[in-house]
Amino acid sequence: MNQIAKYRRCITTVSLIGFCILLFAQCVNRENDKKANDKVASSTDSTRDPVDLAQFAGSASCAGCHKNIYDSHIHTAHYLTTRPALEKYIKGSFEKGKNRYAYDSGRVVVMEKRDSGLYQVGYYQGTEKVAGRFDIVVGSGSKGQTYITRFHQQLYQLPVSYFTAAGSWANSPLYPTYPVLFNRPITSRCLECHSTFVKVVSAPGIEPEEFDSQMIYGIDCERCHGPAARHVAFQSRNPKETTGKYIINPASFSRKQRLDLCALCHGGRMQKTKPSFGFVAGDKLADYFMVDTVRPDPEQVDVHGNQYGLLRSSKCFMMSPDMTCNTCHNPHENERGNIALFSSRCITCHNKEHNSFCKISGRAGPSLVKNCIDCHMPLQPSKSITELLPGDTKPTAALIRSHLIAIYPDETIHQKPGLPKIH
Ligand code: HEC
Ligand code: HEC
Ligand code: HEC
Ligand code: HEC
Ligand code: HEC
Ligand code: HEC
Ligand code: HEC
C-alpha cells in the first residue's frame with residue numbers, strides 16, 4: 001500500500017469527475033407538503049440525535065419478524081449496491097488470460113489473488129509499480145461495477161472497473177488512460193448514494209475525507225425506514241404488540257416526502273449543504289441540498305441517476321396528482337426486466353375506460369399491452385456512464401431507461417421495424 005502513496009507523489013493530481021456525474025440540478029418544490037409524518041422529528045428539529053452507527057440494527061435483525069420483505073429485499077439492486085470485496089461478488093474474472101486490462105503493450109493492470117486479498121497490480125514493462133487491494137465492490141452489476149481500495153482511512157477508486165454490457169474489465173469511467181492512476185478519492189457523496197451509513201471521521205473541509213472502517217453496506221431497510229435499533233429492541237421486548245413503534249413507514253408520507261426520499265439518490269447532481277447521511281426518510285431534501293425549483297430541460301438531463309428530473313417533466317407525472325416512484329416500483333422487490341408487469345402498471349391509468357389508451361393500439365394488436373416500455377421509455381445512452389473497453393479509442397455508453405415518458409417516433413421505428421409487428 002505504501003506504493004500508492006509513493007506513486008501519488010510523482011504524478012500530477014488530475015481532478016476527476018464521478019462515475020455518476022449527475023449533471024444538472026433539479027427538484028421541484030411545487031407539490032404542497034401535505035402533512036409531516038408525526039412519527040419522525042423533522043431535520044429542522046434540533047431535538048433529534050445526530051444519526052450514528054449505534055442507532056442501526058442491520059437488516060438481518062428484521063428477518064425474524066418481516067421475513068417475506070427481508071427475503072425479497074436481499075435480491076434487490078439496492079441491497080447489493082455495495083458489498084465487501086469477496087471474489088464471489090466481483091463480476092470480472094481472475095482467471096489467467098482474462099484477468100488483465102492493457103492500456104498499451106507496456107502498461108498493464110492485472111487482477112491478482114494474493115495471500116492478503118485480491119489486488120489490481122499496475123505493471124510497467126513487466127515490472128510491478130503499484131498495487132491496490134479490492135476492499136469494497138460498488139454496483140449490483142446490472143450496468144457495471146467499480147472497486148474501492150482503503151488506504152489508511154481514505155478510500156480510492158481502483159483504475160479498472162467491470163462493464164457488464166461488454167462482459168469485460170474496462171478503464172474506470174473518466175480515469176485517464178495515461179498515466180495509469182490509482183489516486184481518485186472516493187468522497188462521502190458516492191457512499192451517501194451507494195450505502196446506508198459510514199461515519200466520516202475527518203474534520204469538515206479536509207480532503208480526501210477519512211472514514212471509519214465500519215460501514216453498513218447497500219441501501220438497506222434503515223435507509224428508507226430510519227435507524228431502527230429502538231424499534232427492534234421495543235418489538236422484541238413486547239412480542240404481543242401489534243403496532244410498530246419507533247419506525248418510519250413511508251406509506252403515511254405526503255407525495256413530496258415520498259419523492260424526496262427517492263430523489264435523495266435519484267435526483268441528479270445537487271449542491272450539498274449538509275452531510276446527507278443525516279437525512280432520515282420523511283425529511284425535506286431542501287434541508288440538505290440546494291434544490292432547483294425549476295423543472296429541468298429534459299434535453300440537458302442525463303438518463304443516469306436522475307429518474308426524478310426526467311419523470312417530473314413527463315405528462316404522466318404532471319397530470320397525475322398522486323404519481324410517485326412507488327406507482328411503478330415496489331421498493332422491496334427486484335422486478336428488473338419484468339416489462340409485462342411494468343406495462344400492467346401503465347394500464348391502471350391508460351385503458352379504454354379512461355379513454356387514454358395508446359393511439360396505435362388498433363394497428364399494433366393485442367401484444368401491445370405486454371410492452372409499453374420500449375416505445376415510451378426507451379433505453380438511451382448515458383453521457384456520464386461510459387467506459388473505455390480494451391483496444392477501443394472511443395468510450396462505450398451504458399444504456400439506461402429514460403424516465404421521460406413520452407412519444408418517441410424514432411424509437412418506435414428503430415425498435416420495431418415494420419410496425420405493427422411487435423413481439
Ligand atoms: C421482534 C419483531 C420485530 C423486529 C425484529 C422488527 N420489527 Fe418491524 N414491526 C414489528 C411489528 C410487530 C410491527 C407492526 C405490525 C406490522 O406492521 O407488521 C412492525 C412494523 C414495522 C413497520 C411498519 C410500521 C408502520 O407504522 O406501519 C416497518 C417499516 C418496520 N416494522 C420495519 C422494520 C425494520 C426495518 C426492521 C429491522 C431493522 C424491523 N422492522 C424489525 C416487529 C418487528
Ligand atoms: C440512499 C440512496 C438511494 C435511495 C434513498 C433510493 N435509491 Fe434507488 N438506487 C440507488 C442506487 C445506488 C441504485 C443502483 C444500484 C445498483 O445497481 O448498484 C438504485 C437503483 C434503483 C432501481 C433500479 C433497480 C434495478 O433492479 O436495477 C430502482 C427501480 C430504484 N432504485 C428505485 C428507488 C425508489 C423507488 C426509491 C424511493 C423509495 C429509491 N430507489 C431510493 C440508490 C438509492
Ligand atoms: C446522487 C446519487 C449518486 C451518487 C453521488 C453516485 N451514484 Fe452511482 N449510481 C446512482 C444510481 C441511482 C445508480 C443506478 C441507476 C442509474 O444508473 O440511473 C448508480 C449506478 C452506479 C454504478 C453502476 C451500478 C450497476 O449495478 O450497474 C456504479 C458502479 C456506480 N454508480 C458507482 C458510483 C461511484 C464510484 C460514485 C462516486 C464517484 C457514485 N456512483 C456516485 C446514484 C449515485
Ligand atoms: C428503497 C427504500 C426501501 C427499502 C430499502 C426498504 N423499504 Fe420498506 N418500505 C418502503 C416504502 C416506500 C414503503 C411504503 C410502501 C407503500 O406506500 O405502501 C415501505 C413499507 C414497508 C413496511 C410496511 C408494510 C408494507 O409492506 O407496506 C414494512 C414492514 C417494511 N417496509 C419493512 C422493510 C424491511 C424489513 C426492509 C429491509 C429488509 C425494507 N422495508 C426496505 C421503502 C423501503
Ligand atoms: C397514475 C396514472 C398514470 C400512470 C401509471 C401512467 N400514466 Fe401515462 N399519462 C397519465 C396522464 C394523466 C397523462 C396525460 C393525459 C393523457 O395523455 O392521457 C399521461 C400521458 C402519457 C403519454 C402521452 C405523453 C405525451 O407527451 O403526449 C404517454 C405516451 C404515456 N402517458 C405513457 C405511459 C406509459 C408507457 C406508462 C407506464 C410506464 C404510463 N404512461 C403510466 C397518467 C399515467
Ligand atoms: C410510470 C412508471 C414508472 C415510474 C413512475 C417510475 N419508474 Fe422507474 N422504471 C420504470 C420502468 C418501466 C423501468 C424499466 C425496468 C426494467 O427495464 O427492468 C424503470 C427503471 C428504473 C431504474 C433502472 C434504470 C436502468 O436503466 O437501470 C431506476 C433507477 C428507476 N426506475 C428509478 C425510478 C425512480 C427513482 C422513480 C421516481 C422518481 C421512478 N423510477 C418512477 C417505470 C417507472
Ligand atoms: C410499437 C410502439 C408502441 C407501443 C408498444 C405502445 N405505444 Fe403508445 N404510442 C406509440 C406511438 C407512436 C404513439 C403516438 C401515436 C399518434 O400520435 O398517432 C403512442 C401514443 C400513446 C399515448 C398518447 C395517446 C394520446 O391520446 O395522445 C399513450 C397514453 C400511450 N401511447 C400509451 C401506451 C401504453 C399504456 C402502452 C402499453 C399498453 C403503449 N402505449 C404501447 C407507440 C407505442
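As the structure lists them, so they are numbered: ligands from 1, and atoms in each ligand from 1.
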Query raised in the report: Side chain or backbone of Arg336 under 4.0 Å from ligand 6, or both, or neither, by non-hydrogen atoms?
Result: both

**Report entry** Structural part of Ile373 in contact with ligand 6, heavy atom criterion under 4.0 angstrom
**Finding:** side chain

[atom]: the protein heavy-atom neighbour that sits closest, reported with distance to 0.1 Å:
atom	answer
atom 24 (C) of ligand 2	Ala77 CB, 3.8 Å
atom 43 (C) of ligand 2	Cys265 CB, 3.3 Å
atom 11 (C) of ligand 6	Met377 CE, 3.9 Å

Query - Shortest heavy-atom approach to atom 41 (C) of ligand 6 - which of Met323, His350, His403, Gln380 - result: His403

Query - Proximal candidate to atom 16 (C) of ligand 7 [heavy atom criterion; set Lys315, Lys370, Lys359] - result: Lys359

Query raised in the report: Do any N/O/S atoms of Cys375 come under 2.8 Å of atom 8 (Fe) of ligand 7?
Result: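 Here the distance criterion (N, O or S atom, under 2.8 Å) is not met by Cys375, so no.
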
**Report entry** Side chain, backbone, both or neither: the part of Cys262 lying under 4.0 Å from ligand 2 by heavy atom
**Finding:** both

Query raised in the report: What are the atoms of ligand 7, with element, lying closer than 4.0 Å to any heavy atom of Val369?
Result: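 Contacts of ligand 7 toward Val369, numbered from 1: 38 (C).
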
When you compare the side chain of [Y] with that of [X], does any pair of heavy atoms fall below 4.5 Å?
X	Y	value
Gln153	Phe211	no
His350	His376	no
Glu87	Lys113	yes
Asp260	Phe253	no
Leu264	Phe289	yes

Keeping the roles fixed (side chain from [X], backbone from [Y]), state whether a donor-acceptor pair exists under 3.5 Å.
X	Y	value
Glu222	Ala228	yes
Ser140	Thr76	no
Thr196	Asp220	yes

Heteroatom proximity flag, [X] to ligand 2, N/O under 3.5 Å:
X	answer
Asn326	no
Arg258	no
Ser195	no
Thr81	yes

Query - Aromatic centroids of His329 and Phe342 separated by under 6.0 Å - result: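 Under 6.0 Å, so yes.
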
Query raised in the report: So, do Phe94 and Phe134 have ring centers that fall under 6.0 Å from each other?
Result: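 Centroid separation for Phe94 and Phe134: below 6.0 Å.
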
Query raised in the report: Any idea which part of Leu368 is under 4.0 Å from ligand 7, heavy-atom wise: side chain, backbone, both or neither?
Result: both

Requested in this report: Specify side chain, backbone, both or neither for Asn371, according to which of its non-hydrogen atoms lie closer than 4.0 Å to ligand 7.
Outcome: backbone

Which atoms from ligand 2 have a heavy atom of [X] less than 4.0 Å away?
X	result
Leu261	5 (C)
His329	29 (C)
Arg223	1 (C)
Ser140	16 (C), 17 (O), 18 (O)
Glu192	1 (C)
Gly139	18 (O)
His194	12 (C)

Subset of ligand 6 atoms that lie under 4.0 Å from at least one heavy atom of [X]:
X	result
Ile405	1 (C)
Tyr308	38 (C)
Thr324	5 (C)
Cys328	1 (C), 2 (C), 3 (C), 4 (C), 5 (C), 42 (C), 43 (C)

Decide if atom [atom1] of [X] counts as having more than 12 heavy atoms of other residues, nucleotides or ligands within a radius under 6.0 Å.
X	atom1	value
Glu207	CD	no
Lys199	NZ	no
Lys272	NZ	yes

With a cutoff of 4.0 Å, is [X] in contact with ligand 6, counting heavy atoms of the residue only?
X	result
Lys143	yes
Gly337	yes
Arg345	no
Leu259	no

**Report entry** Cation over ring face, Arg255 and Phe317, 6.0 Å, 45°
**Finding:**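 Arg255 over Phe317 ring: yes.
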
Query raised in the report: Do ligand 7 and Ser356 have nitrogen or oxygen atoms that lie under 3.5 Å from each other?
Result: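 No: no nitrogen or oxygen of Ser356 is under 3.5 Å from one in ligand 7.
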
Report task. Looking at His78, pick out the N, O or S atom nearest to atom 8 (Fe) of ligand 2 and give its name. Result ->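 Going through the N, O and S atoms of His78 one by one, NE2 ends up nearest to atom 8 (Fe) of ligand 2.
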
Query raised in the report: Backbone or side chain, does any N or O of Glu335 fall under 3.5 Å from an N or O of ligand 6?
Result: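 Looking only at distances, the answer is no, because the N/O contact criterion of under 3.5 Å is not met.
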
**Report entry** Thr164, Leu399, Ile400 screened by side chain to side chain contact (heavy atoms under 4.5 Å, CB included) with Lys143, the one that passes
**Finding:**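 By the side chain to side chain contact (heavy atoms under 4.5 Å, CB included) criterion, Lys143 pairs with just one of Thr164, Leu399, Ile400: Ile400.
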
Requested in this report: Indicate the ring-plane relationship of His266 and His78, choosing parallel, tilted or perpendicular according to the 30° and 60° boundaries.
Outcome: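 It falls in the tilted class, 30° to 60°.
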
Requested in this report: Take atom 28 (C) of ligand 2 and look for protein heavy atoms under 4.0 Å from it; say yes if you find one, no if not.
Outcome: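 No, there is none.
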
Query - salt_bridge(Asp283, Arg48) N-O dist < 4.0 Å - result: yes

Query raised in the report: Where do Pro227 and Gln55 come nearest, in terms of heavy atoms and distance?
Result: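 Looks like CB-O, 3.3 Å.
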
Report summary line: atom 8 (Fe) of ligand 7 has as its nearest N, O or S atom from His376 the atom NE2

Query raised in the report: Does any N, O or S atom in Cys325 come within less than 2.8 Å of atom 8 (Fe) of ligand 6?
Result: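 It does not; every qualifying atom lies at 2.8 Å or beyond.
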
